[in-house]
Amino acid sequence: MGIQKTFAELSAGDEGVIAGFSLATPAYRKKLLAMGMTPGTPFKVVRKAPLGDPMEIQIRGYLVSLRKQEAAVIEISEETELKTNGTAS
């Protein structure tokens, strides 16, 4: 099982899996699900703005930008063995 992290802790090149949603309104949760951010879906952080807001992730073959506040409700699990920047530690 992977280690629980937040989007704020991830850097460009990091990969993870959507684990669920916390504190999301039903409408916002529905929007995230419609964008393909379903639990169990892998993603990759493509890049982050200099101050960390927004960040761009690749999920299900497309790119999506999320602001810190938007990303804060998404629970993530980093892939097993801390797969970071293409290397396993």
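Starting from 1, each residue takes its place in the sequence as its number.
Taken from CZ in Phe21 to CG in Leu32, the straight-line distance is 5.0 Å, to the nearest 0.5 Å. With values rounded to the nearest 0.5 angstrom, Thr41 atom OG1 is found 13.0 Å from Ile76 atom CD1.
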Going by atom type alone, with no hydrogens or angles, which donor-acceptor pairs under 3.5 Å involve a side-chain atom of residues 48-59 and a protein atom two or more places apart or on another chain?
from: Lys48; atom 1: NZ; to: Ala8; atom 2: O; distance (Å): 3.4
from: Lys48; atom 1: NZ; to: Leu10; atom 2: O; distance (Å): 2.9
from: Asp53; atom 1: OD1; to: Lys68; atom 2: N; distance (Å): 2.9
from: Glu56; atom 1: OE1; to: Arg47; atom 2: NE; distance (Å): 2.9
from: Glu56; atom 1: OE1; to: Arg47; atom 2: NH2; distance (Å): 3.0

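Taking each heavy atom of Asp14 and Glu9 in turn, the nearest pair found is OD2-O, 4.5 Å. Counting all heavy atoms, side chain and backbone alike, Ser77 lies closest to Ala19 at N-CB, 4.2 Å.
Ile18 and Val73 fall within a single hydrophobic cluster, where Ile, Leu, Val, Met, Phe, Trp and Tyr are joined by side-chain heavy atoms under 4.5 Å apart, directly or via other members. Residues Leu33 and Ile74 are members of one and the same hydrophobic cluster, defined by side-chain heavy-atom contacts under 4.5 angstrom among Ile, Leu, Val, Met, Phe, Trp and Tyr.
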Legend entry - Derivation and outcome, side-chain contact (heavy atoms from CB on, under 4.5 Å), residues Thr38 and Arg60: CA-CA 10 Å; Thr38 55; Arg60 295 190 184 265; 2.7 Å; yes
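Contacts classified as side chain to side chain donor-acceptor pair (under 3.5 Å) and involving residues 20-34 (residues at least two apart or in different chains) are not found.
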